[in-house]
Amino acid sequence: MKSAVIVFPGSNCDRDVAVALGRITGHAPTMVWHGDRAIPKVDLIVLPGGFSYGDYLRSGAMAAHSPVMTEVAARSKQGVPVLGICNGFQILTEAGLLPGALVRNAGLRFICRDVHLKVENTDSMYTRRYPRGQVIRIPIAHADGNYRADAQTLDRLEGEGLVAVRYCGPNGEIGEQHTPNGSARNIAGIFNERRTVLGLMPHPERLIEPALGGSDGRPFFEGIAEALAA
Amino acid sequence: MTLKQGVLDPQGKAIANALHALGFDSVVGVRQGKFLELDLKDDDKASAEKTVRSMCERLLANTVIEDYAFEVLK
């Protein structure tokens with residue numbers, strides 16, 4: 001499978017996700033600069049974590065209008081999978097490729113620590129290698145990860161199985177006390193209708209092997225590799 | 001641009017708490033927002049308003065979570 005990682009000025013997880021993709025899928029991704037208008041023919045586009053444009057105006061707002069994003073939106077419309085991690089998730093919401101918005105953490109602080117997540121829907125190329133309801137532990141590192149959308153949108157996301165992962169307690173407990181950033185209904189990651197686009201705040205690419213402190217993020221990339229193997 | 005009513009505004013809340021700590025007891029709520037000054041070369045007010053509204057909708061405000069208001073001055 002071929003993939004592309006979009007690099008924005010201020011991206012800082014582009015190399016991490018490139019290493020994860022390279023090691024697990026066996027193919028190093030093409031790195032595409034945000035100013036390029038063309039993206040090679042690929043099976044997956046990744047918007048990495050970081051602080052594109054220094055989070056000016058709103059996190060992801062400037063990057064959402066980068067030249068390359070016109071092509072990302074067009075590919076996404078054609079059904080090409082797009083994965084947005086952390087700042088990538090913020091960019092996807094700002095670009096209108098996913099609903100809702102990510103605002104300042106409820107506690108106002110930048111939070112960098114491992115969190116527990118419950119895998120809510122395993123019927124996607126990203127989550128297929130996890131058993132449904134599995135609790136995993138991977139890190140978050142953000143100041144603007146508080147997911148917000150109107151009640152109607154939240155109901156639709158839940159009703160249509162578009163919530164990918166939720167923040168939870170160590171035993172899978174869901175509740176306000178288990179959301180580190182105040183996210184509505186503990187939402188940590190969502191799909192688009194076709195489940196080809198996934199945006200999530202936690203960083204699976206940071207925990208892909210025991211030497212990094214854990215490998216709970218690895219099945220994300222194994223699922224991608226399996227689904228896109230050709 | 002300000003966060004819509006109903007969208008949690010943790011920064012506004014923290015500012016309100018700080019104002020209370022300073023003894024400003026009459027504060028019952030704070031909404032934090034952003035203020036931008038734009039220099040435009042549109043010929044007339046109507047055209048400037050149209051331009052600004054379009055800029056707000058497409059970039060300056062995220063209308064999922066924010067309201068915006070503007071005034072055109074000569």
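Values below: every heavy atom of this structure, side chains too, minus hydrogens, waters and symmetry copies. We name chains A, B, ... by the order of the sequence lines, and we start the count at 1 in each one.
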Would you call the rings of A:F8 and A:H34 parallel, tilted or perpendicular, where under 30° means parallel and over 60° means perpendicular?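 Correct class here is tilted.
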Please work out which of the three classes, parallel, tilted or perpendicular, describes the rings of A:F51 and A:F110, given edges at 30° and 60°.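 Geometry flag for A:F51 against A:F110: tilted rings.
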A:R58/A:E94 ion pair, N-O < 4.0 Å: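 Result for this pair is yes, salt bridge flagged.
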Between A:D123 and A:R128, does at least one N-O distance fall below 4.0 Å, as a salt bridge requires?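 So A:D123 does not pair with A:R128 through a salt bridge.
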Quick one: of A:G96, A:A61, A:G100, who has the most non-hydrogen atom pairs under 4.5 Å with chain B?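 If we count pairs closer than 4.5 Å to chain B, A:G100 comes out on top.
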Taking B:V64, B:L60, B:N62, B:L36 one by one, which has the highest count of heavy-atom pairs under 4.5 Å against chain A?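 If we count pairs closer than 4.5 Å to chain A, B:N62 comes out on top.
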Taking side chain as everything from C-beta outward and backbone as N, CA, C, O, which of these in B:I65 sits under 4.5 Å from a heavy atom of chain A? Side chain, backbone, both or neither.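 It is the side chain, since no backbone atom gets that close.
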Sort A:N146 into side chain, backbone, both or neither according to what part of it lies under 4.5 angstrom from a heavy atom of chain B.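 Interface part for A:N146: side chain.
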